[in-house]
Structures are given as C-alpha cells and as structure tokens.
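Right, one structure below, let's go through it.
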Amino acid sequence: MIVIIGNGISGVTAARYVRKNSNEPITIISSESKYFFSRTALMYIYMGHMTFEHTQPYEPQFWEKNKIELLQAKVETINTKEKLLTLENGNNISYSKLVLATGAKPNKFGWKGQDAKGVRGMYSKQDLDYIEKYTKNAKRAVIVGGGLIGIELAEMLLTRNIEVHFLVRETLFWNGVLPDPEAKLIMSHLEKHHGLHMYYSEELDEILTDKNDRAIGVLTKNSKEKIDCQFVGLTAGVSPNIDFIKPSGIETNRGILVNRLLETSAPDVYAIGDCAEFREPLPGRRPLEQVWYTGKFMGECVGKTITGTPTEYNPGHWFNSAKFFEIEYQTYGWVRSKKEEGHDNFVYQHATEEILLHFVFEKDTRKFIGVNNFGLRLRHQIFNNWLLNEVTIDEVLTNLKSANFDPEFYKKYEDEIIKQFNQQFGTSLKVAKAKWWKKLTT
Ligand SMILES: Cc1cc2nc3c(=O)[nH]c(=O)nc-3n(C[C@H](O)[C@H](O)[C@H](O)COP(=O)(O)OP(=O)(O)OC[C@H]3O[C@@H](n4cnc5c(N)ncnc54)[C@H](O)[C@@H]3O)c2cc1C
C-alpha cells in the first residue's frame with residue numbers, strides 16, 4: 001500500500017498521479033481535515049466570501065471513485081526498517097512506499113507569551129477556527145512579521161473592523177524579497193487602509209498576558225512601546241513541519257532532504273511540498289520551495305516516479321503571484337531585492353496609478369533575467385517561453401503588448417514604458433502590434 005502523510009496540494013496530487021498509473025491501494029492520512037481543501041482560500045472563509053466546503057476542489061465521491069482511502073489521524077512515528085507507521089490512537093499502518101507531504105508550520109522564536117490564549121499563526125483550518133474564536137470581540141490586533149501571510153491576516157481582520165498594528169522587522173515592506181521601489185509601492189498602498197498601523201524596523205519583544213494567560217498586549221523591541229490588543233497573529237514565516245519525522249532517522253536539515261527524484265535517505269520514502277528540502281537546489285532556485293504550484297508539481301513527479309516512470313523535479317523558470325490588498329503582483333524569472341553584478345535594471349512606475357514593472361537583464365548580452373509586475377497582468381506562458389529561449393530585454397519590451405493579459409478595452413501602458421526605456425538606455429525600440437499570444441509560445 002502506498003501511504004501519503006498530508007492531504008494538501010502535494011499529497012493529493014501525488015495520489016492522483018499514482019492512481020492514473022496504478023491500481024495499488026492508496027491511503028492519505030491527515031490530522032487537519034478529512035478532505036483536501038485549498039489553503040490559499042482560508043482567508044476568504046473568514047471574510048465571508050466562501051464556506052469551508054467551497055474550498056474543497058473535489059466532491060466527496062471523488063475519493064471513493066478513485067479508490068483513495070482518506071484517514072483523519074495523526075502519525076506519531078515512522079519506522080523505516082519495518083515500513084510501519086504508528087498513529088496517535090495506537091494503530092499501526094504498514095506501507096510499501098511512503099510519501100511525506102506534511103507541509104509547514106508558522107515560526108515561533110521563543111517569545112515570552114507566544115503560547116498564550118489569543119496568540120496564533122495562520123496556516124491551518126484549526127488556526128482559522130482559533131482566529132475566528134479569539135477575534136470575535138476584539139477591537140485591536142497585533143501582527144508580527146511582514147510577509148504575504150501577514151498581509152492576508154491584516155486584510156482579514158480589517159474586514160471585521162479590528163484595528164491592526166503590524167510589526168515589520170525590515171525598514172521597507174518584504175524587502176528581503178522585494179527591491180526598494182516595489183517595497184515602497186506596497187508601503188504607500190498600505191497607508192491607504194484605514195485602521196492599519198504599520199511599524200517598520202520593529203520587532204516583538206514579548207506578549208503580555210493577564211492572570212488567565214490571555215494575551216492583552218505586546219511590548220515592542222526597539223521603541224519599547226506597549227500596544228494593548230486582544231489578539232496577536234504570528235506571521236514571521238513558516239518552516240517545514242518535520243518534528244515527528246526527525247526521530248525516524250530520515251535525514252533532515254531545515255526540511256526533509258531529497259534529491260531531484262524527491263527520494264529521502266530512507267528506501268521507498270519520498271518527501272514533497274513545503275516539508276521537502278533539496279540537497280542540491282536547482283540552478284537559480286532555492287532549496288525550499290513553499291508555494292502552491294511547486295507542491296503540485298512535486299506531487300506529480302513523485303506520483304509518476306513511484307509508479308515506474310522516474311521523473312525528476314524540473315519546474316522550469318521561477319514564477320509566483322500574490323495580492324497585497326488590491327495590488328496584484330506577479331514575478332517571472334529573478335528580480336533580486338538587491339541589484340546583482342553584471343545586471344541592469346529598468347523600473348517603470350506610473351506617476352499616479354499603482355503600476356510598477358521592474359525588468360532585469362544582463363548588461364553585456366542584454367539577456368532578459370526577470371520581471372516584477374504590479375498592477376498589470378502578464379501572461380505566464382509568454383514570459384516562461386522568453387526565459388526558456390533566453391531572449392533579450394529589447395525583444396521583451398518590443399512584444400510587451402502580446403504578453404499583456406488585460407482585456408482589449410483596458411488602458412494600455414506599453415508605449416509609455418518603451419518611451420521611458422529608450423530615454424534611459426539610449427535605444428530606439430518600438431512597440432510591436434500584439435500578436436496572438438499562442439504564436440509566441442509555439
Ligand atoms: C494563509 C496562506 C496563504 C497562502 N497563499 C498562497 C498563495 O496565494 N499562493 C501560493 O503559491 N502559496 C500560498 N500559500 C502556500 C501554499 O498554501 C503551500 O505552499 C501549500 O499549501 C503547501 O502544500 P503541502 O501539500 O506541501 O502541505 P500542506 O497543505 O501544509 O499539507 C500538509 C498536511 O499534512 C498534515 N500533517 C502534517 N503532519 C502530520 C502528521 N504527523 N500526521 C497527519 N497529518 C499530518 C497537515 O495537518 C496538513 O494538513 C499560502 C499558505 C498559507 C498558510
């Protein structure tokens with residue numbers, strides 16, 4: 001029997017690909033929920049746009065039809081010699097092949113009061129239920145850690161008219177990832193949100209509690225300010241959920257160490273998704289890739305590998321997308337927070353609208369390296385194709401119209417973008433008429 005621990009996007013995709021190629025029994029074990037749901041949609045439940053059932057991509061019959069057994073239980077130990085799992089309820093389950101898809105958990109850094117009532121990260125369905133309970137009558141909340149999950153939590157709380165005080169360690173928002181112009185754009189966008197109070201270059205010192213161990217405020221580290229609040233959200237990043245795996249002897253570092261075939265150090269044991277760490281990261285990529293599509297792709301690879309078609313993880317060029325309140329963000333290729341040696345940068349920023357494009361290219365060869373895009377919608381397929389074919393920045397800008405995903409009647413900005421580029425780099429590029437985008441990707 002193939003056993004998968006974790007019913008998130010990685011584990012479920014692995015199960016689907018096993019079933020495509022084999023009739024071997026499959027069991028997915030998860031302590032969080034019986035059915036797979038979209039973690040990225042958790043915020044919309046809190047905001048009242050969806051119910052929990054709406055976040056489940058498959059009907060309950062899907063699992064029966066595909067002969068995938070679902071078990072809601074917690075795995076406590078893994079015995080890789082006997083190929084045996086022990087559950088919290090004492091039951092044992094044996095496996096022929098084991099896939100670890102155990103996801104991640106919110107970071108805690110040993111802050112005083114971090115386990116008090118009314119303090120919580122935002123990762124699981126249980127976290128969401130907890131946040132729902134502890135913010136019911138809250139007037140003010142503090143969020144610790146400025147990243148994408150922190151932004152989501154701020155947006156959620158503001159919809160309930162809870163005043164949000166947001167502590168960000170960096171001087172500029174998400175500046176470990178975003179270059180300065182992008183970080184500043186987000187910061188000015190955040191300023192527009194009534195009830196949101198940003199604290200930059202600030203960290204949590206301790207969480208203050210009452211005699212019932214309930215959070216009543218925080219103390220900040222640098223300004224030693226006391227902020228009264230009824231809820232504290234911990235969103236200072238996530239780390240692989242692997243504590244229960246460590247005693248098994250399966251090699252770990254920050255995550256479970258895997259090779260390109262997603263094999264761990266133990267025979268017939270694989271790791272995928274947020275919990276996996278590549279021993280040798282792919283060129284230009286990080287050892288831990290903790291986003292939705294990378295988990296899905298790892299699941300697909302491992303599903304094929306364990307059913308007889310060894311498939312290395314090779315996801316192509318990096319891309320990602322997110323939303324910072326109303327601003328949409330896409331990134332294709334690499335735009336590092338600090339300019340790299342031998343690279344040139346071109347930043348287009350609209351004078352009044354929240355639109356910013358940041359292109360990076362090689363100085364000598366003019367090879368296009370990556371783009372950060374805020375406020376427009378650019379086609380993934382075209383940018384992926386441009387990166388694969390190592391086209392120049394000139395080609396990218398000339399054909400930018402074809403890569404624009406926005407409908408015909410949307411205002412277009414390509415002429416202005418290319419004009420600024422020509423002025424800055426002394427070129428005389430002209431915007432080409434939009435080609436049908438499929439022509440550019442075949
Ligand atoms: C609030 C939020 C918003 C996000 N938004 C985005 C986004 O917009 N775009 C994007 O690309 N990514 C986003 N992400 C990240 C993305 O959701 C994750 O990368 C992805 O869901 C990870 O999937 P996974 O299958 O690896 O793990 P998970 O989805 O974490 O699934 C792991 C499962 O394993 C279970 N498990 C762990 N240990 C055990 C055990 N011992 N026994 C039984 N079960 C166990 C867990 O309970 C969990 O259900 C977001 C994440 C969060 C938290």
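Counting convention: from 1, in listed order, for ligands and their atoms alike. Hydrogens, waters and symmetry mates play no part in the numbers below; they use all other heavy atoms, side chains included.
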Is the ring centre of [X] less than 6.0 Å from the ring centre of [Y]?
X: Y332; Y: H380; answer: yes
X: Y130; Y: Y134; answer: yes
X: H189; Y: F324; answer: no
X: F383; Y: F319; answer: no
X: Y199; Y: F166; answer: no

Could you identify the single nearest non-hydrogen protein atom to [atom] and state the distance to 0.1 Å?
atom: atom 1 (C) of ligand 1; value: E152 OE1, 3.5 Å
atom: atom 50 (C) of ligand 1; value: T40 CG2, 4.2 Å
atom: atom 15 (C) of ligand 1; value: Q290 O, 3.9 Å
atom: atom 23 (O) of ligand 1; value: I9 CG2, 3.5 Å
atom: atom 48 (C) of ligand 1; value: E32 OE1, 3.2 Å
atom: atom 28 (P) of ligand 1; value: R39 NH2, 3.4 Å
atom: atom 30 (O) of ligand 1; value: Y123 OH, 2.5 Å
atom: atom 41 (N) of ligand 1; value: V75 O, 3.0 Å

Is I149 close enough to touch ligand 1? Criterion: a residue heavy atom under 4.0 Å from a ligand atom.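 Yes.
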
Under a heavy-atom criterion of less than 4.0 Å, does A73 contact ligand 1?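 The answer is yes: ligand 1 sits under 4.0 Å from a heavy atom of A73.
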
Any idea which atoms of ligand 1 are less than 4.0 Å away from a heavy-atom of [X]?
X: K74; answer: 42 (N), 43 (C)
X: M122; answer: 1 (C), 53 (C)
X: A101; answer: 31 (O), 32 (C), 33 (C), 34 (O)
X: W292; answer: 10 (C), 11 (O), 12 (N), 17 (O), 19 (O), 21 (O)

For ligand 1, is there an N or O atom under 3.5 Å from any N or O atom of N320?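 No; the residue has no nitrogen or oxygen that sits under 3.5 Å from a nitrogen or oxygen of the ligand.
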
If we only count N/O pairs under 3.5 Å, is Y293 in contact with ligand 1?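 It does not: no N or O of Y293 is found under 3.5 Å from an N or O of ligand 1.
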
Should the proximity of S10 to ligand 1, defined as any heavy atom under 4.0 Å, be assigned to the side chain, the backbone, both, or neither? both

Which of these passes side-chain hydrogen bond (donor to acceptor under 3.5 Å, both in side chains) with Y123: T235, N241, D274?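 Among the candidates, only D274 passes.
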
Is the closest basic N to carboxylate O distance between R39 and E32 below 4.0 Å?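 Salt bridge present between R39 and E32.
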
